[in-house]
Structures are given as structure tokens and as C-alpha cells.
Amino acid sequence: MKIVVIGGTGLIGSKTVTRLRARGHEVLAASPNSGVNTLTGEGLPEALAGAEVVVDLANSPSFEDKAVLEFFETAGKNLLAAEAKAGVKHHIALSVVGTERLQESGYFRGKLAQEKLIKASPIPYSIVHSTQFMEFLKGIADSSTVGTIVRLSPAYVQPIASDDVADAMTDVALGRPVNGTLEIAGPERVRLSELVGRYLKAMNDPRTIEVDVHARYFGAELNDQSLVPLGEARLGKIGFEDWFRQSQQAKQGSA
């Protein structure tokens, strides 16, 4: 079966491509660097020829509100139109747990616009809502830092390792369309401020955590239900300590 992975060279994309190929499928890792650009439409007809499944893992190159919305709307329309012409049987998109609850944030408004396009399309689909990736903990800390202080909400999060995300995306790609939303999350529910504090300590980072219930998360104020699954979810197997150890070993191995 031919499967096209949009964003196939990124963090989740590259791991998903490897897993799908290991199961014997023909997989095209599509990205602007390979001549496939969902924003302009370049290369889409050629890439999708003969494809049965498309996994959309592309992300906006900019987090600025207007740019994010334009990316997800334009790329979504181009991709779905090309899929319809190519006869694609299953469209899969990776989105975020809490997207519909965090509409103060321009990024989440963009993701919701993407999801609405998918649901309005005639192509059978599966949307996967994931909690935040552990690999983005540094980015969260950096975006919340002023001087040596990291201001963070104490709201609950349930972070997931990219390997667990790739496992889930592979299974969904090889399954039937659900024409709905699935949720995936990590095995541990923990407060955001505590988790980032653990990460900074493990990295010997001298920054100090300041807990603030009004601290914003990419533009949105959080509560304990904002970023965690509220119903049934597929849970990953990799907790923070295991993920951190594995990530440091991988860095040392590539050094």
C-alpha cells in the first residue's frame, strides 16, 4: 500500500515513515525539500498518484497568529483537493488535545480551522489529538522565560514521547478511518510547572520556576482540563525519566 506522509522528514514524520516501511509499505516522505509543498500545491499531484493513505504531520513554520491560520487553511485546502482528485481513501491528521478549548491562542485557532476542513471533506478521515511532546519541554521553558525566571501555569499536562506518538500514528495509518477524533497522551499526569522544573533540574539549567495561574501557554490561559484528555485516550509507555535518559543517550551516540 502506498502511504504519503506530509512532513515526513520532521520529528514525528521521520519516525512514522520508518515504522511504516518496516511493516512493508511503500512510503513517500513528502516535504518542501523533496519538492512537495502543501502551501503552494507544488508536487502534490505527483506525490499522491496511487496513494491510498495520507498522513498529514506538517506544522506551520511560523507561530504568529495570522501566519498560522493562513498556513493551516491554505495547506489544508490544497492537500484535501489533491487527495480527492487522486482517490485517496484515508486522510489522517495530527492535532492537539484541547484544541477546541484553547481558542484564545492563534495556533489553536489555526488547528481548529484545519480540523473543520477535514471534517467537511468527502474523504474518510481520522484526526489524532495528541498531548504535548516531551521533546518540546525546552521550547515551553524558553517561551516562558524572562531573565532567569520561567513563569508557568500549574495546570495539569500529560506529555507524550515522540516514539509513542509515531507508534500511534502508524497504527492509525494502517487501520480503518474512524471519521472522528482519537486522543493519545503520555502515561503520567503532572503539573506543567513541576514538569518543566524537573526538566530544567535534569539539564542542570539554573533558571527558576515561578508558578503563576495566569501565565499564558502560547497565548492561552490554562486550567486543569485544558491540555489533558477528558475521555478515553490511548496512553504511551514512555514516562519522563525514561524519555530523558533515552534522549541523552541518543545525543551522546550522535556526538
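Enclosure of atom CZ in Phe218 by more than 12 non-hydrogen atoms of other residues, nucleotides or ligands within 6.0 angstrom is indicated.
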Determine, step by step, whether Asp205 and Lys201 satisfy the salt bridge (charged side-chain N to carboxylate O under 4.0 Å, His left out) criterion, reporting the C-alpha distance in whole Å, the side-chain angles of both residues, the deciding distance to 0.1 Å, and the verdict.
CA-CA 6 Å; Asp205 190 312; Lys201 182 178 180 181; over 6 Å; no
Going through the checks in order, is the side-chain contact (heavy atoms from CB on, under 4.5 Å) test met by Ile184 and Val165?
CA-CA 8 Å; Ile184 61 175; Val165 178; 4.1 Å; yes
Step by step, work out the salt bridge (charged side-chain N to carboxylate O under 4.0 Å, His left out) result for Arg19 and Asp171.
CA-CA 10 Å; Arg19 284 159 170 76; Asp171 289 344; over 6 Å; no
For Leu102 and Leu222, what are the C-alpha separation, side-chain angles and deciding distance, and is it a side-chain contact (heavy atoms from CB on, under 4.5 Å)?
CA-CA 8 Å; Leu102 292 166; Leu222 304 178; 3.7 Å; yes
Glu26/Ile3 under side-chain contact (heavy atoms from CB on, under 4.5 Å): CA gap, chis, key distance, verdict
CA-CA 6 Å; Glu26 177 190 353; Ile3 302 170; over 6 Å; no
Please evaluate residues Ile160 and Ser130 with respect to the criterion side-chain contact (heavy atoms from CB on, under 4.5 Å), reporting the C-alpha separation (whole Å), side-chain torsions for both, the decisive distance (0.1 Å), and the verdict.
CA-CA 8 Å; Ile160 187 169; Ser130 174; 3.5 Å; yes
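Panel note: side chain Arg101, backbone Gln225; a donor-acceptor pair is recorded below 3.5 Å. Proximity of a side-chain donor or acceptor of Arg191 to a complementary backbone N or O of Val157 within less than 3.5 Å is not detected. At least one donor-acceptor pair under 3.5 Å links the side chain of Thr99 to the backbone N or O of Val96. Put simply, the side chain of Arg21 gets close to the backbone of Val27: a donor and an acceptor are under 3.5 Å apart.
Membership of an apolar cluster is not assigned to Leu69, as no side-chain contact below 4.5 Å to another ILVMFWY residue is traced. Here Leu117 sits in one hydrophobic cluster together with Leu80, Ile118, Ile123, Tyr125, Ile127; the rule is ILVMFWY side chains under 4.5 Å apart, joined directly or through other members.
Taking CG of Leu235 as the start and CG of Asp164 as the end, the distance is 9.5 Å to the nearest 0.5 Å.
Here Ala67 pairs with Ser62, Glu64 under the side-chain contact (heavy atoms from CB on, under 4.5 Å) rule; sequence neighbours left out. Legend: residues meeting ring pair (Phe, Tyr, Trp, His ring centres under 6.0 Å) with Phe133, ordered by chain and number and at least two apart, are Phe136. Under the side-chain contact (heavy atoms from CB on, under 4.5 Å) criterion, Thr208 pairs with Ile149, not counting sequence neighbours.
A donor atom on one side chain and an acceptor atom on the other are found under 3.5 Å apart for Glu115 and His129. Side-chain contact check for Thr170 and Asp167: no donor-acceptor pair (N or O, by modelled atom type) lies under 3.5 Å. Tyr156 and Arg189 share no donor-acceptor pair across their side chains, judged by distance under 3.5 Å alone. Side-chain atoms of Gln132 and Tyr217 form a donor-acceptor pair, as typed in the model, at a separation below 3.5 Å. Using a 3.5 Å distance cut-off with no hydrogens or angles, the side chains of Thr131 and Gln158 do not pair a donor with an acceptor. Between the side chains of Ser126 and His90, a donor-acceptor pair is found at a separation under 3.5 Å. Under 3.5 Å, the side chains of Arg207 and Thr145 contain a donor-acceptor pair of N or O atoms.
Residues Phe72 and Ser60 share a closest heavy-atom pair of CZ-N, 4.0 Å. Annotation for Ile238 and Met134: closest pair O-CE, 3.3 Å, computed over non-hydrogen atoms. Counting all heavy atoms, side chain and backbone alike, Ala166 lies closest to Lys15 at CB-CB, 3.6 Å. His214 approaches Glu221 most closely through the heavy-atom pair ND1-OE2, 3.1 Å. In plain terms, the two heavy atoms of Leu152 and Ser144 that are nearest each other are CD2-OG, 3.4 Å.
Salt bridge absent: Asp163 and Lys237 never bring a charged side-chain N and a carboxylate O closer than 4.0 Å.
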Without placing hydrogens or testing angles, list every side-chain donor-acceptor pair under 3.5 Å for residues 44-59, not counting sequence neighbours.
{"residue": "Asp56", "atom": "OD1", "partner": "Ala58", "partner atom": "N", "Å": "3.1"}
{"residue": "Asp56", "atom": "OD2", "partner": "Gln114", "partner atom": "NE2", "Å": "3.3"}
{"residue": "Asn59", "atom": "OD1", "partner": "Tyr107", "partner atom": "OH", "Å": "2.8"}
{"residue": "Asn59", "atom": "ND2", "partner": "Tyr107", "partner atom": "OH", "Å": "3.4"}

